[in-house]
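Here is the structure we will look at, set down as structure tokens.
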Amino acid sequence: MIEIKNISKWYGHFQVLSDCSAAVAQGEVVLLCGPSGSGKSTLVKTVNGLEPVQQGTVTVAGTVVGAAGTDLAALRARIGMVFQHFELFPHLSVRDNLTLGQIKVLGRGRDEAVARGLHYLARVGLLGQQDKLPAQLSGGQQQRVAIARALAMDPLVMLFDEPTSALDPEAVHEVLAVMAELARDGMTMLVVSHEMGFARQVADRVLFMDQGRILEDSATEAFFAAPQTERAREFLGRII
Ligand code: ADP
Ligand code: MG
């Protein structure tokens with residue numbers, strides 16, 4: 001579903017990604033971890049074309065991201081993305097947050113958009129909150145609305161970039177529970193997270209990055225039991 005092939009990227013003279021390759025199969029959950037500054041966010045953003053690459057290709061569901069002739073807006077509409085800081089529209093109700101993209105980007109009618117929005121709001125356990133503004137919800141609830149909003153767009157894949165790192169422990173748990181359920185339901189997911197308990201339970205594979213390179217690409221149990229590189233061993237030693 002996602003294929004990253006030999007991509008390299010520079011910010012000016014600084015090489016942020018060096019010859020990275022990875023793939024996420026349909027229904028697979030892949031955890032991307034590594035030290036701060038290793039290039040995780042940049043790699044994830046190449047998948048929906050938010051960060052162009054100078055070498056290599058990224059393909060999502062058979063479409064080459066950023067190629068001449070690719071309708072990037074149409075592709076992006078089908079790639080769900082949830083960031084660390086919930087990016088709900090603060091002046092819109094939860095209902096309008098859930099429906100705006102469906103109406104403006106997918107061209108759905110209002111009734112259908114509301115019905116789908118509420119369906120996914122129920123799935124993240126927040127039915128009844130649709131008339132509130134984001135600021136009237138807790139951080140964990142806001143992040144669950146962000147997930148529901150992405151799901152209402154019928155995403156091919158879901159990208160998560162440290163979705164729980166700005167949350168208090170209880171909220172972390174409620175957001176991870178929603179993500180675990182999504183994984184069980186077969187969603188294709190690429191997740192940047194330091195939540196190693198979640199990773200062990202939910203991820204099929206783990207990618208470990210350091211200094212712009214993917215140093216490990218292992219089955220989850222193999223990664224935790226016996227990381228192949230000293231850098232990954234050190235990293236695990238520090239965060240577990
Ligand atoms: P991570 O998500 O693993 O912490 P990032 O992908 O955010 O890493 O950043 C990787 C490196 O690229 C860091 O050294 C960061 O400072 C640098 N970087 C990120 N964005 C930019 C940018 N827009 N311009 C220049 N350097 C950047
Ligand atoms: Mg990051």
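As the structure lists them, so they are numbered: ligands from 1, and atoms in each ligand from 1. All values derive from a computational prediction rather than experimental measurement. All heavy atoms count here, side chains included; hydrogens, waters and symmetry mates do not.
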May I have the list of side-chain donor-acceptor pairs in residues 151-159 shorter than 3.5 Å, sequence neighbours left out?
{"residue": "Asp154", "atom": "OD1", "partner": "Arg116", "partner atom": "NH1", "Å": "3.2"}
{"residue": "Asp154", "atom": "OD2", "partner": "Arg108", "partner atom": "NH2", "Å": "2.6"}
{"residue": "Asp154", "atom": "OD2", "partner": "Arg116", "partner atom": "NH1", "Å": "3.1"}

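- Close contacts between ligand 1 and Ser36 involve ligand atoms 4 (O) [criterion: under 4.0 Å to a heavy atom].
- Of the protein's heavy atoms, none falls inside 4.0 Å of atom 15 (C) of ligand 1.
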Determine, stepwise, if the pair Leu133 / Phe89 fulfils side-chain contact (heavy atoms from CB on, under 4.5 Å). CA-CA 9 Å; Leu133 289 170; Phe89 301 109; over 6 Å; no

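- In this structure, of Gly37, Ser41, Gly212, the residue bringing a heavy atom nearest to atom 4 (O) of ligand 1 is Gly37.
- Side-chain atoms of Asn97 and Arg149 include a donor-acceptor pair closer than 3.5 Å.
- For atom 5 (P) of ligand 1, the nearest non-hydrogen atom of the protein is Thr42 OG1, 3.7 Å.
- Each of the atoms 3 (O) of ligand 1 lies under 4.0 Å from some heavy atom of Pro35.
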Below 3.5 Å, can you tabulate the donor-acceptor pairs from side chains in residues 59-66 to any protein atom, sequence neighbours excluded?
none

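- The Mg ion (ligand 2) lies under 2.8 Å from an N, O or S atom belonging to Ser41.
- Not a single heavy atom of Gly34 sits closer than 4.0 Å to an atom of ligand 1.
- Contact check on Asp217 versus Arg205 returns a salt bridge, with a Lys/Arg side-chain nitrogen under 4.0 Å from an Asp/Glu carboxylate oxygen.
- In summary, Glu221 and Arg200 engage in a salt bridge, as defined by a charged side-chain N under 4.0 Å from a carboxylate O.
- The closest non-hydrogen atom to atom 23 (N) of ligand 1, taken over Phe14, Tyr11, Trp10, comes from Tyr11.
- When each of Gln54, Gln55, Gln15, Glu51 is tested with Lys9 by the rule side-chain hydrogen bond (donor to acceptor under 3.5 Å, both in side chains), just one qualifies, namely Glu51.
- Side chains of Ser38 and Gln211: no donor on one and acceptor on the other come within 3.5 Å.
- In this structure, the protein non-hydrogen atom closest to atom 12 (O) of ligand 1 is Val16 CG2, 3.3 Å.
- Closer than 4.0 Å to atom 20 (N) of ligand 1 lies at least one heavy atom of the protein.
- Among all protein heavy atoms, the one lying closest to atom 8 (O) of ligand 1 is Gly39 N, 3.1 Å.
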